[in-house]
Amino acid sequence: MRHPVELKGKPASDGIFAGPVFFLSSAEAERRASGDPEVERQAFDEAIAMAVAGLAALTETAEGEAAEMLSFQVALLEDDALLEPARALIAQGKPADLAWRKTVDAEIVGYEMSDDDYFRARAADLKDMRDRVLRQLSGAGARQAQAGAILIGDDVPPSLFLEADWSKGGAIALTQGSPSSHVAILARSRGIPMVVGLGNVAPNGHAEAVIDGARGLLVLSPDEAAKRAWSQKAEDLAERRAHEDLFLNEPARLKDGTSIELLINVAEPDELDHLDAAHCDGIGLMRSEFLFRDGKPLPDEEMQYRAYRRFLEWAGKKPVTIRTLDIGGDKPIKGLTPEGERNPFLGLRGVRLTLDRVAVFKTQLRALARAAVHGNLKIMVPMITVVSELEATARLLDEVMADLAKEGVAAKRPPLGIMVEVPAAAIAPELLAQADFFSIGSNDLTQYVMAAARDEASVASLGDPSHPAVLYLIEKVARYGRDRGIPVSLCGDMASEPRHLKALIAAGLQTLSVSPASIGRVKAALAEIG
Amino acid sequence: MNDWTSSSVVIRHEVGLHARPSVKLTKLAKTFASAIQIAGSPEGPWIDAKSIVKVMAMKAKQDSTLYMRAQGGDAPAAVTALKDLVERDFDEDAAHAASG
């Protein structure tokens, strides 16, 4: 009987889950070598074939960057230049797993030593591929598919998340990792509890654990009393979720029947796979930053066009609002965002940055205009402070439209709206009346109105979006929009929080954009208002 | 024995021969029976164009010249096809034209 071990990390995705643990790093240690080169060779070839088959199945459902990463791995696994050295080592008497690890690691060194960011980043793909084959060799590949376990590891590659069976729940606990990683975004949209930054977790024979995503907590080998308490909490949560799920297929309505337009915020194309477009009225905020990852090459027009088109096709006739690149501030990208800014939140970010990097901005606008023919697209510009920024963006969009027309490329000019998140825009919306729509970004609006940085824990209590000063500005923008016939929505985190909904409805908002996992919760809460 | 069909082309792709273009190049090379090799200089070293591991290891960058040669029954067709692929910027603008 193990003593309980409680570990504290950072919350990455809410929810409580109790179940068996699966240590990702333990996979290769458990394999017993046969000692017979013939058997090892056969095991090796089988593991490669299984890994290729697994990747091929994944490639069918993946798109964009994820699909490219997978097909790169398949190509590597089909290359004799990689397989032959491993087979030669096996023929010399090395166990299959060691031979494979040695061969791939030699290859990985070449990537890691490169002076090119792009090639260095590929080392992660090779490691992912290496571990996939090692899991097959140890039989962990099959065990991995077992649903309803807490996966514990240093970091989880997106491919592993995508192929895992989450139908019986499950959770993720990482010693490293980040709440803003690709996998964390996917976990939030699937409602899979996740904690990151736990530090060292020693396997020590722990068989089960409980995880509390919202509190960033992992308890290994909990005792009976703790397990009962946790399972009660998990049951309450499940009961509440079941109640909220009843609202999923219903339109969003207040108690008196007033309908509310409920949109969703998305950040990754992969999020769409498990979302039903019927549950919402469209996409109110698509963050285009996923295409522009730090350390990766800038996405070209084609790659962006394909990604945007996917969101539009998912939504059908429903509106899709795509926000132009919003980096800088707390989202740096090497080579694109300025370095050494003393106060990045008040620096060159959002539209300020894209107007300074015209080539990058125009590429994105071209991709958006081309994608617009496939659905109901709207373009939203972040961090607009003065009208000249909106005018400059509109001029660039005009130029792009003229170029596309000249080239004979199909395109459409989407409506051009703005994020209202800088206090100047919220205080004097009449100066920005030429925007086609307003969407209030309550996260940034709150940090600027309250002068409390979003990433500063010591002032977190000041960053309250329900402070009367913030609500006053929200109400002002909503009223101005209503009087002038300019659609107004709110897409900040506060719209996903039931406790803020009453105030937002009272402020006159009738369009809200929320996180996909909160659709049921928000609809249930709206039905109680009015 | 020395009957290589050869050619060369400048890589325009913005990050050079990275994963996506390399996957396309090796896939295309594998459709030909001929031995196909590529190099970053006319003196070599020449590497197998059907091996993604070796093609990636070249780390060919944007604006560098890619030399190619093939030997076998379909060698001329292979060299032409590979050159075309690089010139078309690995078809990354194809959907662009198709939607126009």
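Since the structure is predicted, the reported quantities are computational estimates derived from the model, not experimental observations. All chains are named by letter (A, B, ...) in the order of the sequence lines, taking the proteins before the strands, and each is independently numbered beginning at 1. Because only heavy atoms are used, hydrogens play no part in the values below, and waters and symmetry mates are left out as well, while side chains stay in.
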Participant: Quick check for you: among A/Leu76, A/Val74, A/Asp125, which has the greatest number of heavy-atom pairs under 4.5 Å with chain B?
Facilitator: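 Result: the option with the highest number of such pairs is A/Leu76.
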Participant: CE of A/Met401: more than 12 outside heavy atoms within 6.0 angstrom?
Facilitator: yes
Participant: Considering residues, nucleotides and ligands other than A/Lys94, do more than 12 of their heavy atoms fall under 6.0 Å from its NZ?
Facilitator: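 No.
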Participant: Which atoms of A/Leu298 come close to chain B, meaning under 4.5 Å heavy atom to heavy atom: side chain ones, backbone ones, both, or neither?
Facilitator: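 The backbone, not the side chain.
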Participant: Can you name the closest pair of heavy atoms from A/Glu107 and B/Val53 and give their distance?
Facilitator: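 It is OE2-CG1, 3.2 Å.
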Participant: Does B/Lys24 NZ have over 12 foreign heavy atoms under 6.0 Å away?
Facilitator: yes
Participant: Quick one: closest heavy-atom pair of B/Ser51 and A/Asp79, and the distance?
Facilitator: OG-OD2, 2.6 Å
Participant: Decide yes or no for A/Arg122 and B/His18: does some side-chain heavy atom of the first lie under 4.5 Å from some side-chain heavy atom of the second?
Facilitator: no
Participant: Of all the heavy-atom pairs spanning A/Gly110 and B/Lys59, show the shortest one and how long it is.
Facilitator: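 So the minimum-distance heavy-atom pair works out to O-NZ, 3.6 Å.
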Participant: Please check if the number of heavy atoms outside B/Lys27 that lie under 6.0 Å from its NZ is greater than 12.
Facilitator: no
Participant: On a heavy-atom basis, which atom in B/Ile52 and which in A/Ala75 lie closest, and how many Å separate them?
Facilitator: CG2-O, 3.4 Å
